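What follows is a single structure, written as structure tokens, with notes after it.
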Amino acid sequence: MNNVIIIGSGPAGLTAAVTCAEFGIHVIVIDEYMIAGGRLLGQLYEEPNGSWWNGIQESKKLYNKAINLGVEFYLNTMVNNIEKKENSWIVYTEKGEFQTTNLLLATGAAESPVPVPGWTLPGVMSVGAAQVMTNVHRVKPGERGVIIGVNVLSAAIAMELQLAGVEIACLTLPKMNNVTKEDGNPRKILDSLLHVSHMAPSPFVRYGSKLMKNDFMKKLGVTFYPKNGVKMWDIPIQLRKAVTEIYGKHEVEGVTVATIDANGEVVSGSEEHIQVDFVCIAGGLYPLAELAAVAGCPFYLVEELGGYVPLHNERMESPLEGLYVAGNITGIEGAKVAASQGRTAGLSIAHHAGVKGLEIEIKDSIKMTEETRNSAYIQFHPEIGIGRRKVLEQWEAYHVSKGGVR
């Protein structure tokens, strides 16, 4: 029997694997992708101190360290099911069954692209797919494109694409309807834009964002937002225009955009065409938590964390004996926070496996996670702290309902 199995080889899974292995614990890591690293593989951005965060390099360091510590990897391996039998977790994969007393789910997140007329044309992809094509496979998604959807993820990836020599005509909104209501509302989107304004090279944008701290100022900001957009990294961010259609005969040839008012309604007769050869759709991320649901872990909808998340505590323990969670399965945050959570999970697993004297290290790791979160360069949700507190409140309520027994 394996001491620990980790499903997912992103920043959380890799860091947890290294942490466990450093204590002499045998670790198996299973991932459906062919390369370890998860969403680290696509990340590349400049930090405030001028240094560059290169996700591929970071993932290689962690992977090589894990290999040197004896961690076994089963990549390109799909997990079909997990279940608890007596005191063990059984993991079913296409390459056989694995059994363990300690199971960590570090499955990360998935994209939720919004529907736009014409989105089935060749050349339309999620913004994450464009990121992986460019940063991992070194293949341009096209020469000139449009990103539909303005949020933290799309803004960061737009910068990465431009660094790779891909022209981004603009970031703009989808036409607002019952499905895209939140993603097509300029007032809602302005909050996301303000949370990445510190990344803008323009002093005007950075200073202007500081003035929009209340709803009245935000309303004014949307009402008087330039119809041609405000540039970040020389890419127009358009909150007063929306894509009504992606067009092309056999592949993407362009998009039709229209001016919208402050409420997101299309101004009749304002349609125009932008010629592009690819389109990215960005609807944000949500926790990829299906395996936790299969395991029977309680779930809660926490909007501040990006969707439904499994119940867990600060030690990354679930209410189910021997089941742990870490990374974006617990809420959408950056890679550094995920890695910090992975270390906490690894320490908790080691403690559960019988390693003595880890309580202080676990507490320090929890504190480090909070500090990493508070200083994160990119924050996907502005009220992540509120979301974390909600989960801890649910944890306490759950255990009170169970008589205070874990």
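If you're wondering where the values come from, they're calculated on a predicted model, not measured in any experiment.
- A salt bridge links E22 and K65; the closest N-O separation between the charged side-chain nitrogens and carboxylate oxygens is under 4.0 Å.
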side-chain hydrogen bond (donor to acceptor under 3.5 Å, both in side chains) between T369 and Q341, worked out: CA-CA 6 Å; T369 298; Q341 287 183 327; over 6 Å; no
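- To the nearest 0.5 Å, atoms CE (M159) and CG (L171) are separated by 12.0 Å.
- Side-chain contact between T259 and V266 is absent, with no heavy atoms from C-beta onward closer than 4.5 Å.
- Listed for the N263 side chain is no donor-acceptor partner under 3.5 Å among the backbone atoms of E265.
- Within 6.0 Å of the CD atom in E83, the count of heavy atoms belonging to other residues, nucleotides or ligands exceeds 12.
- Proximity of I56 to L40: side-chain heavy atoms (C-beta onward) are nowhere separated by under 4.5 Å.
- Taking 4.5 Å as the limit, some side-chain heavy atom of Y63 sits within range of a side-chain heavy atom of F73.
- The environment of L301 atom CG is dense: over 12 non-hydrogen atoms of other residues, nucleotides or ligands sit within 6.0 angstrom.
- Within 6.0 Å of atom NZ in K95, more than 12 heavy atoms from other residues, nucleotides or ligands are found, so the atom counts as buried in its surroundings.
- A heavy-atom distance below 4.5 Å is found between the side chains of L173 and I260.
- For the atom pair CD of E361 and CE of M368, the computed distance is 12.0 Å after rounding to the nearest 0.5 Å.
- In this structure, NE2 in H137 is found 6.5 Å from CD1 in I35, a value given to the nearest 0.5 Å.
- Counting only distance, with no hydrogens or angles, the side chain of R343 and the backbone of A16 share no donor-acceptor pair below 3.5 Å.
- For the side chain to side chain contact (heavy atoms under 4.5 Å, CB included) criterion with I329, the lone passing option out of L288, L291, L105 is L105.
- Rounded to the nearest 0.5 angstrom, K84 NZ and I90 CD1 are separated by 10.0 Å.
- Between A295 and L323, the shortest heavy-atom distance links the atoms CB-CD2, 4.0 Å.
- You'll find the side chain of L103 reaches within 4.5 Å of the side chain of T100, heavy atoms only.
- The line from CD1 of I5 to OG1 of T101 is 9.0 Å long, rounded to the nearest 0.5 Å.
- Minimum interatomic distance between L41 and A36 (heavy atoms only, all atoms of both residues): CD2-O, 3.5 Å.
- Remark: I157 CD1 to I147 CD1 distance equals 7.0 Å, nearest 0.5 Å.
- Counted by atom type alone, Q99 and S88 present one or more donor-acceptor pairs between their side chains at under 3.5 Å.
- Here the closest heavy-atom approach between residue H250 and residue L121 is recorded as C-CD2, 4.3 Å.
- Taking 4.5 Å as the limit, every side-chain heavy atom of V302 sits out of range of all side-chain heavy atoms of Y308.
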Evaluation steps, ring pair (Phe, Tyr, Trp, His ring centres under 6.0 Å), between H312 and Y324: CA-CA 8 Å; H312 61 280; Y324 304 79; over 10 Å; no
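- Judged purely by atom type and a 3.5 angstrom limit, T244 uses its side chain to pair as donor or acceptor with the backbone of T256.
- Formation of a donor-acceptor pair under 3.5 Å by the S154 side chain with backbone atoms of N151 is found in this model.
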Salt bridge (Lys or Arg N to Asp or Glu O under 4.0 Å) evaluation trace for E370 with K367: CA-CA 5 Å; E370 186 65 20; K367 183 179 179 181; over 6 Å; no
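- When all heavy atoms of T134 and P141 are compared, the closest pair comes out as OG1-CD, 3.3 Å.
- What you find for L75 and S9 is that their closest heavy atoms are CD2-OG, 4.2 Å.
- Looking only at distances, no side-chain donor or acceptor of E72 sits under 3.5 Å from a matching main-chain atom of I28.
- C20 and V27 get closest at one heavy-atom pair: CB-CG2, 3.6 Å.
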Pair L104-I7, side-chain contact (heavy atoms from CB on, under 4.5 Å): steps then yes or no: CA-CA 6 Å; L104 170 62; I7 301 177; over 6 Å; no
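- Within 6.0 Å of atom CD in E304, more than 12 heavy atoms from other residues, nucleotides or ligands are found, so the atom counts as buried in its surroundings.
- Shown here is K140, whose NZ atom has more than 12 heavy atoms of other residues, nucleotides or ligands within 6.0 Å.
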Steps toward side-chain hydrogen bond (donor to acceptor under 3.5 Å, both in side chains) verdict (E317, H352): CA-CA 10 Å; E317 300 166 327; H352 187 256; over 6 Å; no
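- A salt bridge links R315 with E359; the closest basic N to acidic carboxylate O contact falls under 4.0 Å.
- The pair E245-K175 does not meet the salt-bridge criterion, since no charged nitrogen lies less than 4.0 angstrom from a carboxylate oxygen.
- Among I235, V146, D234, V276, the one residue that satisfies the side chain to side chain contact (heavy atoms under 4.5 Å, CB included) test with I168 is I235.
- Without hydrogens or angle criteria, N102 side chain to N3 main chain gives a donor-acceptor distance under 3.5 Å.
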Worked check of side-chain hydrogen bond (donor to acceptor under 3.5 Å, both in side chains) between N135 and E160: CA-CA 8 Å; N135 294 348; E160 294 173 14; 2.8 Å; yes
CA sep, side-chain torsions, deciding dist, call: E383, E303, side-chain contact (heavy atoms from CB on, under 4.5 Å): CA-CA 9 Å; E383 298 180 330; E303 297 289 354; over 6 Å; no
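- W395 places no side-chain N or O within 3.5 Å of a backbone atom of P319 that could act as its donor or acceptor partner.
- Inter-residue side-chain proximity for S340 and T372 is flagged as met; some heavy-atom pair is nearer than 4.5 Å.
- Counting only heavy atoms from C-beta outward, the side chains of Y92 and V79 never approach each other to under 4.5 Å.
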Test log, rule side-chain contact (heavy atoms from CB on, under 4.5 Å), inputs I30 and F98: CA-CA 10 Å; I30 304 171; F98 299 87; 3.9 Å; yes
Working for side-chain contact (heavy atoms from CB on, under 4.5 Å), residues E97 and T93: CA-CA 6 Å; E97 300 177 10; T93 78; over 6 Å; no
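- Formation of a donor-acceptor pair under 3.5 Å by the T330 side chain with backbone atoms of A326 is not found in this model.
- Using a distance-only test at 3.5 Å, with no hydrogens or angles considered, no donor-acceptor pair links the side chain of T77 to the main chain of D31.
- The backbone N or O of Y398 sits less than 3.5 Å from a side-chain atom of S401, completing a donor-acceptor pair.
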